[in-house]
Amino acid sequence: MEIKFIVLVVIVLTAIAIAQLMRVYELSSKIRNKKEEDIEVPTNNFNAFLMMAFLAVFFGSGVYMLFKYGNGLLPEAASEHGQEVDWLFNVNWAIIFTVFLVTNFLLFFFAYKYAYNPNRKAYYFTHDNRLELLWTIVPASALAVIIILGLMTWNKMTGKPSDNAVIVELYAEQFNWTARYSGDDNKLGFADYKLVTTFSQNPNPLGVITTSNIEWRLKELDSTIHAMHMDIAAEDNNEKVFSVATSEKMRSKVEKLERIRERVATMQGMYSDSTDMIAQDDFIAKELFLIKDQEYQFILRSRDVLHSAYFPHFRAQMNCVPGQRTKLKFKPIFTTEEMREKTGNPEFNYVLLCNKICGESHSNMRMNVIVGTAEEFVVWKEEGNTALVVASK
């Protein structure tokens with residue numbers, strides 16, 4: 001801390017010293033009856049030389065940092081479309097680096113080459129339509145190529161999945177993930193946020209719709225509303241005393257719960273035992289096991305705030321929006337063991353992260369992801385890493 005403070009003081013004092021030297025130079029110019037813009041030829045030449053020296057240091061430091069810190073990127077993409085994302089990423093870098101090097105070289109080289117010379121007169125150039133056309137069409141064409149390739153890759157990530165794709169739901173909440181597999185029928189049971197209960201006798205944290213969940217939710221709402229009506233009546237009879245804010249909040253909540261109860265009651269006529277059958281084989285897990293070379297379509301939901309499902313090693317990311325179902329698909333191509341060999345890291349693991357600042361414990365929101373064979377997936381299930389959704393009632 002002390003060293004950093006001393007360095008900061010030195011930088012500030014150096015800046016002040018340079019400013020004072022510039023001021024002394026300006027005053028000396030006035031004493032010699034010279035204007036501030038009158039600069040001697042040797043000074044101009046020296047500044048031109050400094051331009052090229054700065055360019056050399058600028059490029060040299062860039063190359064140094066590229067070799068020293070450039071290996072901190074993610075390892076090889078572990079999904080089918082991720083390979084294309086990396087290729088597109090490299091194409092973008094090639095274009096960006098080329099433009100960066102050429103424009104910066106020309107900027108400093110021309111400043112050096114065309115430094116002030118009293119024996120040379122500048123050419124007055126007004127306008128040229130061909131040049132305007134050239135520096136408009138060339139960048140636009142490069143951007144068009146990048147955008148078209150990007151849209152093609154994006155469509156592979158978010159387009160319609162193949163008939164063999166396995167459907168998995170990723171449910172986000174502050175601050176954890178829950179994976180819901182679609183079971184043998186490859187269909188996810190319906191879900192509705194109005195059925196979400198966590199602390200009742202029949203917990204339903206994902207809001208999965210079954211006839212029994214609807215009945216339990218109605219009972220729970222009736223009980224809660226009745227208790228709150230009793231408190232309100234006690235306050236009206238002066239048997240209980242609440243603050244004004246608490247009383248208004250309680251009455252507002254009763255109105256809200258009654259609206260929810262009305263909507264849940266209408267669900268009883270909409271769903272039947274056939275709805276239960278769809279959710280019957282759904283199972284949840286707190287870690288995600290994927291099978292190599294199997295395409296997956298992920299249905300993403302959020303319980304509370306905006307989250308973002310980010311699979312860095314599969315080059316995949318999609319927002320989880322409350323009240324909406326977003327989708328994402330990819331096919332893993334390397335198992336966890338294969339990636340450990342590729343990276344030389346025996347402790348390597350795939351991971352699912354939240355890539356939105358969703359709260360104070362956002363950094364803890366992660367899920368372990370395993371990629372293995374179909375046989376390993378069966379063993380993983382038998383080891384008790386999953387739980388049936390309907391059986392949890």
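In this text, all values refer to a predicted model and were calculated from it rather than measured experimentally.
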Next on the checklist: Are more than 12 heavy atoms, taken from residues, nucleotides or ligands other than Tyr114, located less than 6.0 Å from that residue's OH atom?
Outcome noted: no
Next on the checklist: Is it true that, when you exclude Phe190 itself, more than 12 heavy atoms of the residues, nucleotides or ligands shown sit nearer than 6.0 Å to its CZ?
Outcome noted: no
Item to check | Distance-minimising heavy-atom pair for Ser182 and Ile167 | outcome: OG-O, 2.8 Å
Checklist entry - Looking only at heavy atoms, what is the nearest atom pair of Val321 and Thr326, with distance? => result CG2-CG2, 4.4 Å
Show me the donor-acceptor pairs, under 3.5 Å and distance only, between side chains in residues 350-361 and residues at least two apart or in other chains.
unit_1, atom_1, unit_2, atom_2, d
Tyr350, OH, Phe334, O, 2.9
Asn355, ND2, Gln317, OE1, 2.9
Lys356, NZ, Asn319, OD1, 3.0

Item to check | Pairs touching residues 173-186 that satisfy salt bridge (Lys or Arg N to Asp or Glu O under 4.0 Å), sequence neighbours left out | outcome: Glu169-Arg180, Glu173-Arg303, Arg180-Asp282
Using residues 284-293 as the side-chain source, report each donor-acceptor pair under 3.5 Å to any protein atom, sequence neighbours left out, with the distance given to one decimal.
unit_1, atom_1, unit_2, atom_2, d
Lys286, NZ, Asn176, OD1, 3.2
Lys286, NZ, Trp177, O, 3.2
Lys286, NZ, Thr178, OG1, 2.6
Glu287, OE1, Asn368, ND2, 3.4
Glu287, OE2, Trp380, NE1, 2.6
Lys292, NZ, Glu338, OE1, 3.3
Lys292, NZ, Glu338, OE2, 3.0

Checklist entry - Are Ile147 and Met152 linked, directly or through other ILVMFWY residues, by side chains that come within less than 4.5 angstrom of each other? => result no
Next on the checklist: Quick one, Lys160 with Lys329, criterion side-chain contact (heavy atoms from CB on, under 4.5 Å). Give me CA distance, side-chain angles, the key distance, then yes/no.
Outcome noted: CA-CA 9 Å; Lys160 184 179 179 181; Lys329 65 173 183 175; 5.8 Å; no
Checklist entry - Applying the 4.5 Å side-chain criterion to the ILVMFWY set and letting contacts propagate, would Val166 and Ile278 be lumped into a single cluster? => result no
Item to check | Considering all heavy atoms, the nearest Asp236-Arg251 contact | outcome: OD1-NH2, 3.0 Å
Checklist entry - Looking at Asn44 and Ala115, what are the two nearest heavy atoms and their distance? => result O-CB, 4.4 Å
Name the atoms and distances for all side-chain donor-acceptor pairs under 3.5 Å in residues 98-107, with sequence neighbours left out.
unit_1, atom_1, unit_2, atom_2, d
Thr98, OG1, Ala94, O, 2.7
Thr103, OG1, Val99, O, 2.6
Thr103, OG1, Phe100, O, 3.3
Asn104, ND2, Phe100, O, 2.8

Next on the checklist: Does Glu220 form a salt bridge (charged side-chain N to carboxylate O under 4.0 Å, His left out) with Arg217? I'd like the steps, not just the answer.
Outcome noted: CA-CA 5 Å; Glu220 185 183 59; Arg217 183 59 172 151; 2.5 Å; yes
Item to check | Test applied, ring pair (Phe, Tyr, Trp, His ring centres under 6.0 Å); reference residue, Tyr181; option that passes from Phe298, Phe283, Tyr171, Tyr296 | outcome: Phe283
Next on the checklist: Run the side-chain contact (heavy atoms from CB on, under 4.5 Å) test on Asn45 and Phe49 for me, step by step, so that the C-alpha distance in whole Å, both residues' side-chain angles and the decisive distance to 0.1 Å come before the verdict.
Outcome noted: CA-CA 6 Å; Asn45 291 337; Phe49 168 77; over 6 Å; no
Checklist outcome for this item: Sorted by chain and residue number, the side-chain hydrogen bond (donor to acceptor under 3.5 Å, both in side chains) partners of Arg340 (sequence neighbours excluded) come out as Glu337, Asn349
Item to check | Heavy-atom pair of closest approach, residues Thr136 and Glu132 | outcome: OG1-O, 2.7 Å
Checklist entry - Is it true that atom CZ of Phe125 has more than 12 heavy atoms of other residues, nucleotides or ligands lying nearer than 6.0 Å? => result yes
Checklist entry - Is it the case that more than 12 heavy atoms not belonging to Phe348 sit under 6.0 Å from its CZ atom? => result yes
Checklist entry - What are the two closest heavy atoms between Pro75 and Thr343, and how far apart are they? => result CB-CG2, 3.7 Å
Next on the checklist: Going by side-chain hydrogen bond (donor to acceptor under 3.5 Å, both in side chains), name the residues that satisfy it together with Lys156, two or more places apart in sequence or in a different chain.
Outcome noted: Glu84
Item to check | Test salt bridge (charged side-chain N to carboxylate O under 4.0 Å, His left out) applied to Asp231 and Lys249, Lys253, Lys240, the passing residue | outcome: Lys240
